[in-house]
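Report on one structure; see the data block that follows.
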Amino acid sequence: MPTSVDVFEKARGHDRAVQLQAAREAGVLPYFRLLESPAAPVVEMEGASRIMLGSNNYLGLTGDPRVIAGAREALERYGTGLTGSRLLNGTTALHLELEQELAEWFGTEAAIVYTTGHQANLGCLGTLLGPGDTVVVDSGDHASIIDGCVLSRAKLRPFRHNRIDKLERMLERAAQDGGGVLVVVDGIFSMEGDVAPLPQIAELCGRYGARLMVDEAHACGVLGARGAGASELLGVEDRVDLRMATFSKSLASCGGVIAGPADVVEYLRIASRPFLFTASGVPAAVGAALAAVRICRSAEGPELFARVLDNARYLNRGLRDLGFRVVEETPLPGGGSITTPIVPITVGDDWRAVVLWRALYDAGVYTNVAIHPAVPPSGALLRTSVMATHDHAVLDRALTAFGRVKREFEAEHGPLPGPA
Ligand SMILES: Cc1ncc(COP(=O)(O)O)c(C=O)c1O
């Protein structure tokens, strides 16, 4: 007898359909807007010039002539695509040089390059963990971490974002589960913009015999004197077992990496399905990432890291002075504090967030909107982010627009959350 259930039904009747349609009709849909120029500090979008405060191009390297030359040389030498897996016909000298360069940068024995960062998390977690193991994750961890954990069928034990007491409770429980235990956290959290308390996390992992993996997607090329990420900044590189990073942010390209002990990396090379059963990254992407890593590792790297962090602090303080609720600066163990390039503004209600987004868009400022389920219910935010190539004059123009839009928005829709 044929089934009466159509698997396509969920594409028609899902909860989001009504909300999306309403947003489209009201002209406030913040997604899939058309970019018509390179990802620079000021971009062309849908026929107008807009200040880009929604890009992960933290060092501004997507337009750097050396990175473009790296991509072009790779394209001319190897063509547009490799049409095969790394295992078979998809490994070039560029992939190997990039792996070597990344391992040196992170100070690990080895590194393995995947076609995307999402696949790196899927490939690492889905292979190293199995049904008998337990994986402990921060509730703010990126979706690709959660996807990798689900793929592995390990027991998933989430703890409340950045709450060390909750992590310890999960580690106590995990110790009773009977398998291996891995803790996975983001170095910089992609929506919250705060930094994981890695010294305390590493200490707990040591105490409970758990391995520790840090996703440095937003932190590599930004934090630490070498730009090697949150693990470097917080002085715990020797206590972090695995580092993950993507090329789709500071490294101005597309791809991902897992860096760690040589035996683990070699195991991933032969057992990791998202590595084995997908085409290798296109030569231009690998060439661009290699050039970007070399810039980060050159004398120019620290200047770029300092510039993006200075811009982050400038925007964070400017928005706070205007009365917005923005992420708190993260205190550093040795004194001082750090603001990451991700500066989220808390709005709360989903609909108010998209209305505010539209007003800013019309005022010439592009931001990203995160609504549930990307953030907890009633936790909608505008996620702003800066690049090393923004200058204070451009950020001042954006802040002027924020100030005007806030006044007009509040006059019509009531107050926005103020500084915490
Ligand atoms: C924390 C984090 N991890 C992993 C990824 C996945 O990286 P990619 O975009 O290279 O697939 C992202 C990207 O959005 C991210 O923010």
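Every number for a ligand or one of its atoms is a count from 1 in the order of the listing. Counting from 1, the numbers follow the sequence of the chain as shown. In what follows, every heavy atom counts, from backbone to side chain, and hydrogens, waters and symmetry copies are set aside.
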Show me which atoms of ligand 1 lie under 4.0 Å from any heavy atom of [X].
X      : answer
Ser190 : 16 (O)
Ala217 : 1 (C), 2 (C), 3 (N), 15 (C)
Gly255 : 10 (O)

ask   = Would Asp177 and Arg173 pass as an ion pair if we require N to O under 4.0 Å?
value =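 So Asp177 does not pair with Arg173 through a salt bridge.
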ask   = Does a salt bridge link Arg317 with Glu329, judged by any charged N lying under 4.0 Å from a carboxylate O?
value =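 Looking at Arg317 and Glu329, the cut-off is met.
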inquiry  = Please evaluate residues Leu122 and Tyr114 with respect to the criterion side chain to side chain contact (heavy atoms under 4.5 Å, CB included), reporting the C-alpha separation (whole Å), side-chain torsions for both, the decisive distance (0.1 Å), and the verdict.
reply    = CA-CA 10 Å; Leu122 229 56; Tyr114 287 76; over 6 Å; no
inquiry  = Looking at Ser280 and Gly90, would you say the former's side chain and the latter's main chain have a donor-acceptor pair under 3.5 Å?
reply    =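 Side chain of Ser280 to backbone of Gly90: a pair is present.
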message = Quick check: Asp215 and ligand 1, any N/O pair under 3.5 Å apart?
response =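 Indeed, backbone or side chain, Asp215 has an N or O that close.
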Distance to 0.1 Å, residue and atom name: give those for the protein heavy atom nearest to [atom].
atom                    : value
atom 7 (O) of ligand 1  : Thr246 CG2, 3.1 Å
atom 9 (O) of ligand 1  : Ser248 OG, 3.2 Å
atom 15 (C) of ligand 1 : His142 CD2, 3.3 Å

ask   = Mind checking whether Phe324 and Phe402 have parallel, tilted or perpendicular rings, split at 30° and 60°?
value =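 The arrangement is perpendicular - the two ring planes meet at more than 60°.
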inquiry  = For atom 4 (C) of ligand 1, tell me which residue out of Ala120, Gly148, Gly117, Ser144 has the closest non-hydrogen atom.
reply    =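 Minimum heavy-atom distance to atom 4 (C) of ligand 1 goes to Ser144.
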query = Nearest to atom 14 (O) of ligand 1 by heavy atom, His118, Lys249, His218: which?
reply =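 When every heavy atom of His118, Lys249, His218 is considered, Lys249 comes closest to atom 14 (O) of ligand 1.
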Test log, rule side-chain hydrogen bond (donor to acceptor under 3.5 Å, both in side chains), inputs Asn121 and Asp215 = CA-CA 8 Å; Asn121 272 333; Asp215 178 331; 3.1 Å; yes
task = Specify side chain, backbone, both or neither for Asn121, according to which of its non-hydrogen atoms lie closer than 4.0 Å to ligand 1.
result =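 Just the side chain.
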key: Check: Leu59 and Cys296 side chains under 4.5 Å, non-hydrogen atoms   =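 Counting from C-beta outward, Cys296 and Leu59 do come under 4.5 Å.
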